[in-house]
Amino acid sequence: MDLEMDFDEHVLACVLSRALEEIEAGEATATEATGLSGGELLDILTRSFPTSLIHGFSLEEVSDPGPGMEEELLRRLLLTHARPGDPTSACFAKIVARRALRDGHLWQELGLVDRSELSRLLATHFPTLAQGNTNNMKWKKYLYHKLCEAEGFSLCTAPSCRECNEFKSCFGPEEG
């Protein structure tokens, strides 16, 4: 359990580091970068990080914008597969959904070291969802594939992944 808590704090530190980069570059506020409300962010910061870090997030200047439709769909997908009654999993659902809207690989957008850390995060907090990725599809592609599946349609035109021209885009390596 302590290793899991240490890993969760590592992931939060990575995400918050990416958020600070975006805040300093004027690209996003703390709530926009993380998908968390100001109150949720303040709770995480005061519980797990040095007090001096809190000021960098300028929480007194942020609003709590609601998620757009795409983000809400991603949140619901993640929450459906989250560990029951686990507030940390619910928190990560918001963070992962928000960061999945960015252009880069999801593990990079979360500020993680590599894809294996994202795999561990998803297996820990969204176990049934992670178990379904049996072919090791890139995580962001997999999440969107699951959204399409839930809505009863497919963006894929090939009859199977192996026959698709985009196979490497979905299953190829995810290097930084």
Side-chain angles (χ1 to χ4, degrees), residues 1-22 28 30-37 40-41 43-45 47-49 67-151 154-156 161 164 166-176:
M1 188 64 160
D2 286 341
L3 287 176
E4 184 180 310
M5 287 176 53
D6 289 346
F7 180 70
D8 287 351
E9 286 184 8
H10 162 72
V11 172
L12 287 171
C14 291
V15 170
L16 296 175
S17 176
R18 289 284 293 139
L20 278 174
E21 289 172 6
E22 292 177 6
T31 55
E32 292 168 344
T34 63
L36 300 171
S37 70
E40 291 167 324
L41 201 49
D43 180 54
I44 288 169
L45 289 168
R47 201 169 7 100
S48 303
F49 297 96
M69 185 176 71
E70 182 179 342
E71 183 178 351
E72 185 58 40
L73 289 170
L74 286 166
R75 276 187 187 186
R76 274 192 261 155
L77 171 68
L78 291 161
L79 288 170
T80 298
H81 295 277
R83 293 189 307 195
D86 184 356
T88 304
S89 294
C91 176
F92 278 126
K94 290 180 176 184
I95 292 170
V96 170
R98 176 63 55 93
R99 301 306 296 177
L101 300 176
R102 304 295 201 275
D103 292 334
H105 294 300
L106 184 53
W107 64 270
Q108 291 173 319
E109 295 299 345
L110 289 165
L112 301 174
V113 174
D114 57 29
R115 184 178 192 269
S116 69
E117 289 189 338
L118 176 58
S119 296
R120 179 177 172 185
L121 173 71
L122 295 175
T124 299
H125 291 283
F126 313 99
T128 57
L129 183 65
Q131 289 168 357
N133 191 358
T134 57
N135 293 320
N136 203 25
M137 183 181 274
K138 292 178 183 176
W139 284 113
K140 191 186 307 186
K141 295 266 187 186
Y142 179 72
L143 294 176
Y144 280 94
H145 177 76
K146 296 303 285 182
L147 284 181
C148 289
E149 212 174 65
E151 295 298 318
S154 174
L155 294 176
C156 302
C161 290
C164 182
E166 299 293 320
F167 182 83
K168 287 184 180 180
S169 170
C170 292
F171 294 96
E174 290 186 76
E175 292 141 359

> If you round to the nearest 0.5 Å, how far is CZ of Phe92 from CG of Asp8?
Replying inline: 4.5 Å
>> If the condition is salt bridge (Lys or Arg N to Asp or Glu O under 4.0 Å), which residues does Glu9 pass it with, not counting sequence neighbours?
In response: none
> Is a side-chain N or O of Asp86 found less than 3.5 angstrom from the main chain of Thr88, in a donor-acceptor match?
Replying inline: yes
> Can you name the nearest heavy-atom pair linking Leu110 to Arg18, along with the distance?
Replying inline: C-CG, 3.9 Å
> Taking it one step at a time, do Leu16 and Leu45 satisfy side-chain contact (heavy atoms from CB on, under 4.5 Å)?
Replying inline: CA-CA 9 Å; Leu16 296 175; Leu45 289 168; 3.7 Å; yes
>> Between Thr124 (side chain only) and Arg120 (backbone N and O only), is there a donor and an acceptor less than 3.5 Å apart?
In response: yes
> Just checking, any donor-acceptor pair under 3.5 angstrom between side chains of Tyr144 and Glu149?
Replying inline: no
>> Quick check: do Leu79 and Phe126 have side-chain heavy atoms less than 4.5 Å from each other?
In response: no
>> As an exercise, state the distance from CG of Leu101 to NZ of Lys140, rounded to the nearest 0.5 Å.
In response: 8.0 Å
> Do Glu22 and Arg102 meet the salt-bridge criterion of a basic N to acidic O distance under 4.0 Å?
Replying inline: yes
>> I'd like to know whether Arg115 forms a side-chain contact (heavy atoms from CB on, under 4.5 Å) with His105, so could you lay out the CA-CA distance, the side-chain angles of the two residues, the decisive distance to 0.1 Å, and finally the verdict.
In response: CA-CA 9 Å; Arg115 184 178 192 269; His105 294 300; over 6 Å; no
> Is the backbone N or O of Asn136 less than 3.5 Å from a side-chain atom of Tyr142, with the two atoms forming a donor-acceptor pair by type?
Replying inline: no
> Should Leu143 and Leu78 be marked as a side-chain contact (heavy atoms from CB on, under 4.5 Å) after you check the CA-CA gap, both sets of side-chain angles, and the distance that decides it?
Replying inline: CA-CA 9 Å; Leu143 294 176; Leu78 291 161; 4.2 Å; yes
>> To the nearest 0.5 Å, what is the distance between CE on Met137 and NE2 on His145?
In response: 5.0 Å
> Could you state the interatomic distance from CG (Leu41) to CG (Leu12), rounded to the nearest 0.5 Å?
Replying inline: 9.5 Å
>> Looking at Arg99 and Ala33, would you say the former's side chain and the latter's main chain have a donor-acceptor pair under 3.5 Å?
In response: yes
> Would you call Glu40 and Lys94 a salt bridge, taking side-chain N to carboxylate O under 4.0 Å as the test?
Replying inline: yes
>> Could you walk me through whether Leu121 and Trp107 satisfy the side-chain contact (heavy atoms from CB on, under 4.5 Å) test, starting with their C-alpha distance in whole Å, then the side-chain angles of each, then the deciding distance to 0.1 Å, before giving a yes or no?
In response: CA-CA 10 Å; Leu121 173 71; Trp107 64 270; over 6 Å; no
> Would you say Ser37 and Thr31 make side-chain contact, with heavy atoms under 4.5 Å?
Replying inline: no
>> My understanding is that only residues two or more places apart in sequence, or in another chain, count here; which of them pass side-chain hydrogen bond (donor to acceptor under 3.5 Å, both in side chains) with Glu117?
In response: His10
> Which value, rounded to the nearest 0.5 Å, describes the distance between Leu74 atom CG and Lys146 atom NZ?
Replying inline: 13.5 Å
> Given side chains that start at C-beta, do those of Pro127 and His81 come closer than 4.5 Å, heavy atoms only?
Replying inline: no
> Closest heavy-atom contact between Ser119 and Trp139?
Replying inline: OG-NE1, 2.9 Å
>> How long is the straight-line distance from CD of Glu71 back to CZ of Arg98, given to the nearest 0.5 Å?
In response: 3.5 Å
